[in-house]
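Every number for a ligand or one of its atoms is a count from 1 in the order of the listing. Just the heavy atoms: all of them, side chains too, but no hydrogens, waters or symmetry mates, feed the values below. As the structure is a computational prediction, the values presented were derived from the model and not from experiment.
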Amino acid sequence: MTAGDFYARFGVRRRINAAGALTRLGGMPMAPEVTNAMVEASRGSIDIAELQSAASRIVAAVTGAEAGMVTTGASAALTLAAAACMTGWDVARMAALPDASTFPREILLPRTHRTAYAQALRTAGARLIDIGHNDRGTGAGVRGLEPWEIEAAITPATAAFMFAATPATTHDLPMVVATCRVRGLPVIVDAAAQLPPKGNLRRFFELGADLVAFSGGKAIGGPQASGILAGRRDLVGAALLQQLDMDVPPDSWDPPSPIDRAALRGVPHHGIGRGFKAGKEEIVGLLVALERFVAADDAANNAGLEARLRAIGERLAGKSGLKGMLRTAQVTGRTPLFELVVDSAQTGVDAPGLARRLLAGDPPVHLSERRSAEGILLLDPQALAPSDDAPLVAAILAALDDRT
Ligand SMILES: *Cc1c(COP(=O)(O)O)cnc(C)c1O
């Protein structure tokens with residue numbers, strides 16, 4: 001049976017996804033090598049801690065970080081990162097979370113870096129401290145975050161600094177790291193969707209990040225419920241301890257690296273991340289996907305996606321009221337995009353209206369609505385099957401002709 005058959009059997013509609021590797025649409029399609037590896041992995045018994053230790057070596061080799069672990073997504077990685085920064089190796093603190101009221105639990109978060117994923121930090125028991133202004137974002141001014149604003153916010157209750165990496169924010173990372181390092185404050189980087197370029201697997205560590213979260217179900221092409229937390233060995237070890245099942249015999253428990261048994265005054269119980277357990281299938285699938293992602297030819301992939309977008313754009317260009325512009329990977333700093341500009345005076349429908357019509361179609365078609373208020377719909381080809389290119393064009397043209 002194909003995937004389509006299973007979904008049909010369960011009464012779930014297939015969708016055309018030109019909105020990107022979105023979690024709520026199932027992320028990226030997985031390569032057969034990855035799914036085969038997951039099936040193989042499902043058949044044997046192994047020690048999950050030993051498998052995570054192997055994952056740590058592989059992630060370390062690929063990222064340049066000291067250690068790494070497979071999580072159930074970047075969001076879970078952020079929760080575990082926050083937990084690790086609050087507990088270190090202290091098993092009593094691990095046992096106390098999410099109640100962190102008796103030890104440092106504040107995480108500094110610039111207003112320009114606040115995304116809805118900040119909730120992932122709060123989930124561990126952290127308290128968010130908003131700092132700085134958003135003058136550039138609002139167009140009110142030219143200034144970004146200043147070192148003194150970070151220094152002034154650091155108190156004995158501060159546990160970490162949260163940095164949301166984007167092509168626009170990354171140039172601030174060395175300043176943030178330099179300011180936080182003097183005070184011994186770890187910097188957590190959310191780089192969930194900053195791949196490709198694959199150089200970003202190493203870049204944030206080269207710039208000094210202590211912990212970095214990547215999504216496994218986006219560009220890496222791993223299982224949808226997978227991610228990576230990589231960074232300092234002590235912090236990754238503390239994070240891993242709080243994700244692993246800890247129903248272990250204390251006398252014989254001998255955990256592998258990056259867990260440091262000697263740094264622990266006892267054996268922790270199930271931690272804050274126990275509900276985010278990564279199974280052997282996710283761990284192996286993520287590792288195989290990561291190897292493929294690292295070996296892939298970014299330039300060739302981008303050229304292929306750009307050629308497809310150009311062809312799609314040409315087929316849409318004949319329609320009055322539609323204009324388009326290809327944004328190459330070079331311009332976006334990530335993957336190529338096609339900007340579809342909807343002139344509602346000519347088409348009779350505005351961008352949000354067109355998106356609504358496409359979603360009401362059969363199959364439903366998803367474009368990115370991030371800029372729909374500006375009259376622009378984005379075609380993101382990351383998760384778009386090549387066989388859906390022609391149906392996508394047909395659906396957009398049909399939705400424009402829809403006068404109902
Ligand atoms: C997608 C995303 C996440 C969450 O990633 P998951 O792997 O789905 O948990 C977190 N932060 C940002 C910025 C993202 O884009």
Side-chain angles (χ1 to χ4, degrees), residues 17 19-30 34 38 55 59 63 68-83 107 109-124 126 128 134 137 160-170 172-173 176 187-198 200-201 203-204 209 211-231 239 242-243 272-273 275-279 281-283 285-287 289-290 293 332-335 337 366 368-371 378 380 382-383:
N17 177 9
L22 302 184
T23 295
R24 71 188 157 83
L25 297 179
M28 285 278 277
M30 281 194 283
V34 179
M38 293 177 74
V59 170
T63 61
M69 62 183 283
V70 178
T71 66
T72 48
S75 192
L78 292 173
T79 302
L80 291 164
I107 297 185
L109 176 60
R111 288 187 170 82
T112 44
H113 292 232
R114 207 186 222 285
T115 72
Y117 293 102
Q119 178 74 355
L121 306 173
R122 296 186 56 237
T123 302
L128 302 180
N134 188 21
F161 186 102
M162 168 68 203
F163 191 99
T166 69
T169 62
T170 300
D172 280 338
L173 186 53
V176 168
V187 176
I188 302 168
V189 174
D190 178 0
Q194 297 308 303
L195 302 171
K198 63 185 164 206
N200 278 354
L201 282 169
R203 179 144 182 244
F204 307 111
L211 286 170
V212 181
F214 296 104
S215 187
K218 294 181 180 168
I220 291 175
Q224 166 58 181
S226 73
I228 296 172
L229 179 64
Q242 295 177 81
Q243 181 190 259
I272 188 90
F276 308 157
K277 70 175 181 183
E281 300 82 6
E282 283 83 29
I283 299 172
L286 183 279
L287 293 177
L290 184 61
F293 178 76
T332 64
R334 301 199 41 249
T335 43
L337 292 172
H366 294 255
S368 171
E369 295 180 56
R370 252 181 302 158
R371 295 182 57 194
L378 299 175
D380 180 330
Q382 271 195 93

Distances only, to 0.1 Å: what are the N or O pairs between ligand 1 and the protein that fall under 3.5 Å?
from	atom 1	to	atom 2	distance (Å)
ligand 1	7 (O)	A74	N	2.8
ligand 1	7 (O)	S215	OG	2.6
ligand 1	8 (O)	T23	OG1	2.9
ligand 1	9 (O)	A74	N	3.1
ligand 1	9 (O)	S75	N	2.9
ligand 1	11 (N)	D190	OD1	3.3
ligand 1	11 (N)	D190	OD2	2.7
ligand 1	15 (O)	K218	NZ	2.7

*Minimum heavy-atom distance G68-V59, with the two atoms named*: CA-CG1, 3.9 Å
_side chain to side chain contact (heavy atoms under 4.5 Å, CB included) partners for A192, two or more places apart_ = A74, D190, S215, K218
*asked:* Using the side chain to side chain contact (heavy atoms under 4.5 Å, CB included) definition, which of the options E281, M30, M28 pairs with P223?
replied: M30
*Considering the options V187, T63, V189, which one meets the side chain to side chain contact (heavy atoms under 4.5 Å, CB included) requirement together with F204?*
V189
_Geometric class of the F163/H113 ring pair [parallel <30°, tilted 30-60°, perpendicular >60°]_ = perpendicular
*Have a look at I228 and tell me which of L286, T71, V212, L287 forms a side chain to side chain contact (heavy atoms under 4.5 Å, CB included) with it.*
L286
